[in-house]
Amino acid sequence: MQAQLQAVLAKAAVELPAVHLRPELEAAKARYVGPNGEFTALMKQMGAVPKEERPAAGRLINEAKGRLQALLDEALARIAAAELSAQLGPAIDPTLPAPDPGPGTRHPLTLVREEMCRILRKVGFSVADGPEVESEYYCFDALNTPADHPARDEKDTFYLPADARFGNVSKKDPAERYLLRTHTSSVQIRTMLRGEPPIRIVSPGRVYRRDTTDATHSANFHQLECLYVDRNVTVRDLKALLDHIFAALLGKDTRTRFRPHYFGYTEPSFEVDLAATHLPRVNKPWIEIGGCGMVDPSVFAAVGYDPERWTGYAFGMGLERLAMLLYGIDDIRYFYQNDARFLRQFA
Amino acid sequence: MKVSLNWLRDYVPLTASPEEIARAITFLGFEVEGIHSTAAPRLEHVVVGEILTRARHPNADKLSICTVDVGPAGGIKTIVCGASNCDAGHRVLVALPGAVLPGNFAIKASKIRGQASEGMMCSADELGLTGDHAGLLVLADRPALGLPIQEALPGGDTILDLEITPNRPDCQCHLGIARELAAWFRLPLTYPQERFRGDVSAAPQRPDLLAGVEVRSPEDCPYYSAHVVFGIKVGPSPTWLQDRLRAVGLRPINNVVDATNYVMLETGQPLHAFDAHRLEGRRIVVRPAAEGERLVTLDGKERTLDARTLVIADAARAVVVAGVMGGQDSGVTADTTDLVLECAVFRRQAIRAASRRLGLSTDSSYRYERGVDPHGAPEAAWRAIDLILEIAGGVVAGPAFTIGGDVPWSREIVVTHDYITERLGFDVPAPEMRAAFEALELRVTREEETAQPARGPAWTVAIPSWRDDLDRPIDLVEEVLRLHGTERIPAATVVAPGLAAEDDPIVRFNRQATDYLVGHDFHECVNYTLRPAREVTEWALPAELPRLALANPFVDDQTHLRSSLIGGLLESLRLNQARGVPVARLAETGRVFLEREGQILECIAAAFVLAESAGERSWLRRESADFFTVRHHVAALASLAGLRIGDLLPAAAPGWQAGHAAQAADPRRGWWVSAGLVDLALARSLGIDGRVQAGFVALLPELLPSRAGVRRFQDFSLFPAALRDLALIVPEATPAGEVAARVERAARQAAAASFTFEGASVFDVYRGPGLPDGHKSLAFNLVFRGKDRTLTDDEVNAAFQRLQVEALAGTSWQIRR
């Protein structure tokens, strides 16, 4: 019997390593350990083995069975591995470039806007939005702009026809005309009319001026304005905010300065300069970056806030201008051409 | 506005350098747009010389050979000169060898056309001075020979170009700026002294020169005065006056006109002088122009006026466009002997409107439209008469004609030290505040202690008539801060609340949409909102077009509000292709304007284009984007706004390719979605290479949820799913979504309460042999599952039978077996 077992095992040790396909393996397996297999036949002979020899014979059979199983397992593992590697093509060349476009890029105006909003959110400002088509009241009247102010002139501001009807832009007075907002300050008015102080908002958005397009002017551009209304807001607080914004954006050594100026909706009013020597392509010690001031009491009166009780500040600047300073871009038109070579530079 | 430092020094003894003065003006609140000096430059080896002889150059027609005496140190030099005025006897400036003129032009001894030349005689231009460069600068006052240039030329001036903010009309003149600088440097201010002081009590009357003045539009002309001066002699102004005017960019005309201009630049009050004999009927009438009335203004142009325009007229006709420009045939000429001097105040708005209508802006209209001080007008007239008497002679007649101007001025503001400190947020001592007011001629008429808890005094401040901009206590805060210096605002840290409010839902949507698109390899673009009519017709329905037009567009290609973002993205795509920049995916978020029932709605939107460039080559070819790629993206974008877009139906706007694009919309709620292939012919006509797939989502901002709704967990079964396939033969025109919806409804009903139906997905679409004509087969994979057990084949089969009956009921559909 031992010789028979040895013979079967020897045969299997030759045959099984030569099997390459799963059906062949199944067939081979059947030939050895199937119901009519050779090995099964030997096991059946156990019944004929005298009782005293059975333990030894059983040991022999078990040993042989283990070896046979190992051969089968080995063959199965080899075939399974071959099947998997058959699913692969030839090895890749990892040095070839990916053919897909991308990665996607955020527009530099988005990057600058989001960075400013992030800085402002950390000091309690939330981001507000409002319509780009506005009525004269929200864009001018409520902001203390006199009826004959040049900014209202058809030469400088885009108007819609007198019979234009806007379903979701409210007017104060039915006789008012619709226009394309000239600043995002109208968002401040709408925000103040909607709720009570304290208010701390930043309103970035698109604004329109009837200007010739050139390297520094564009028919539409973007602004970002901050409004803070609370008790006991001071000029010093306003200066602190601007110092904070620009230090966070450009580094802690960045300095700002105020120059007195005039805006109808703030009193006192200032223009803000930035110490700019570390910015690209700037060769002046100070560069104008925006306008600001303490909210004029007449604006509070227009939105129904008690000017005796509430104080506030407002600050606004052009986003294109900021992006141009930050990145050293010298022509505003690049922002609106969307040349991919431009867009890819900032992401 | 240009101001001369020399002129300012007439009123305030400024000793600071021009740079310090410019800085002071900046921090007083006026932008200094330019500084330029007219002083002689400090140039070495440039000295005074006298031309002794002049001879023709033997080899050049236009050149002369001169001998020039440059003083004891230099002796006599021979110099070749190309100027036409190098006549013997002139004293001129000579650049000797070694001199370096502006522009780094080094002078050397040389030969010019074979003749030795030991230097160069200079024109003003060559010395870096403003002036005539046609010839040599001839020194009329004959300074000593050999004198260096900076000693030979009179002391220069510095001209500052200022931008005056509209709230400060009082600073539209030298006196106003001088007043501000006097306050800044704490120097005394000296007003010009009039000898005349308006006293005409002893003056002769001349009704033969001016008989009457009538103001018919007192609202537009609250003050009008006319003085008669007779026996004048018109001629050129004295040099000092001409120099002053030239320094700030005005051309001298004659002594009378120059005097009125001088006083305007000094006081801000425009004045006008008539030749008394050219006023018909010896009358002046201030009235609206007759409709269509014509007037030739001083610039030689004939102006046609309308009744909204105020004019100064004589008995017969308009002679001046009030406050804007005089007429050609009533002004002072070389022959004028008797004049009428107008000094008036007009309503700002009236002058602005007239100036706009005529497209004519003058030094006078600029000042009137920003406002002149009505209470300063008489002084200005007297100042002008003084000047005229001094430089043109003549006698003042009396009495003057004065109409209006009788509203007295009085304004006081009460402000406390406490109020100002609270607004500033830092301490400025009370005496400094008071000193600031007084330095600005804001007289403190009363100072008293305030009651506790306020600290410091309360001041009653008298506001002068020229400071109409100061009306409330807050206005005085600015005055204190200006003089204290905005550069001295102390630093502080930002005090922020612990809780910030939510960002606006629009902001959140735009941010998420951009994140999604950028995450899918799109380049975010920014395009103009205003688009050409041509483009708007491609993406709007025809009825919308006129409603999107601006009333006053500026340029032809920006006349309409955009109704889609795709037009802009196609333009960006074209630009990149034209520049040879490969780019496939562009996207944008922004506002668009859509029509609903005759109204325009301002909507938020996101859009993208996916270009398949015909010419693009790559080592590995990807399957190109198709309708279902872009449909996937628009559905994802819409879901960011909480919208489920459902089935898309064929698109209607002309920009889409028929049969290859689709749309869905719920105008009542306010959302619109479209996706698919851009019309091939359109893309080609735009100059775009290859096919472009695009998608667009727009919605009313009001639709956005202000915050995410509360979500609840829904339990799901862990038992195995039972799957069944169902193929239905339906007419070609039946939308797949309709079939799917019906199958799902039937499946849900069939599963009923005993187990759940989890969904049906299309896994095959078949058209062709074996189907009736005009039909298609849609095959669905259905998923069933038990909540609490493994389903048996029998119960699933029973449900599957029921759902087939239910799905087909009332339709012409068939099961495909």
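Note: hydrogens, waters and symmetry copies are ignored here, and every other heavy atom, side chains too, is used. Every chain is numbered from 1 and lettered A, B, ... according to where its sequence line falls, protein lines coming before strand lines. Since the structure is predicted, the reported quantities are computational estimates derived from the model, not experimental observations.
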Against chain A, label B:D475 side chain, backbone, both or neither, depending on which of its atoms sit under 4.5 Å from a heavy atom there.
both
Any salt bridge linking B:R591 with A:D129? Criterion: basic side-chain nitrogen under 4.0 Å from a carboxylate oxygen.
yes
Side chain, backbone, both or neither: which part of B:R423 has a heavy atom under 4.5 Å from chain A?
both
Part of B:L569 lying under 4.5 Å from any heavy atom of chain A:
neither
The interface call for B:E602 against chain A, heavy-atom contacts under 4.5 Å, is both
Parallel, tilted or perpendicular: which one describes the rings of B:Y528 and A:Y336, with boundaries at 30° and 60°?
parallel
Between A:R210 (side chain only) and B:N552 (backbone N and O only), is there a donor and an acceptor less than 3.5 Å apart?
yes
Contact part of B:A549 toward chain A, heavy-atom cut-off under 4.5 Å: side chain, backbone, both or neither?
backbone
Quick one: does A:D243's side chain have a donor or acceptor within less than 3.5 Å of a partner on B:A492's backbone?
no
Just by distance, do the side chain of B:R585 and the backbone of A:P101 share a donor-acceptor pair under 3.5 Å?
no
So how far is it from A:H107 NE2 to B:H523 NE2, rounded to the nearest 0.5 Å?
12.0 Å
Contacting region of B:E369 [heavy-atom separation from chain A under 4.5 Å]:
neither
Max heavy-atom pair count under 4.5 Å with chain A, selected residue of B:D515, B:N510, B:T421, B:L517:
B:D515
Yes or no on side-chain contact (heavy atoms from CB on, under 4.5 Å) for B:T165 and A:H261, after CA distance, side-chain angles and deciding distance?
CA-CA 7 Å; B:T165 49; A:H261 197 67; 3.6 Å; yes
Derivation and outcome, side-chain contact (heavy atoms from CB on, under 4.5 Å), residues B:L550 and A:L160:
CA-CA 5 Å; B:L550 290 177; A:L160 286 135; 4.1 Å; yes
Structural part of B:L575 lying under 4.5 Å from a heavy atom of chain A:
side chain
Restricting to non-hydrogen atoms, name the atom on A:P297 and the atom on B:R472 that form the minimum distance, rounded to 0.1 Å.
CD-NH1, 3.8 Å
Contacting region of B:T529 [heavy-atom separation from chain A under 4.5 Å]
both
Between B:R168 and chain A, with a heavy-atom cut-off of 4.5 Å, which part of the residue counts as in contact: side chain, backbone, both or neither?
neither
Toward chain A, the part of B:I474 with a non-hydrogen atom under 4.5 Å:
both
Which of B:E479, B:E478, B:R482 passes side chain to side chain contact (heavy atoms under 4.5 Å, CB included) with A:P268? Answer is B:E478
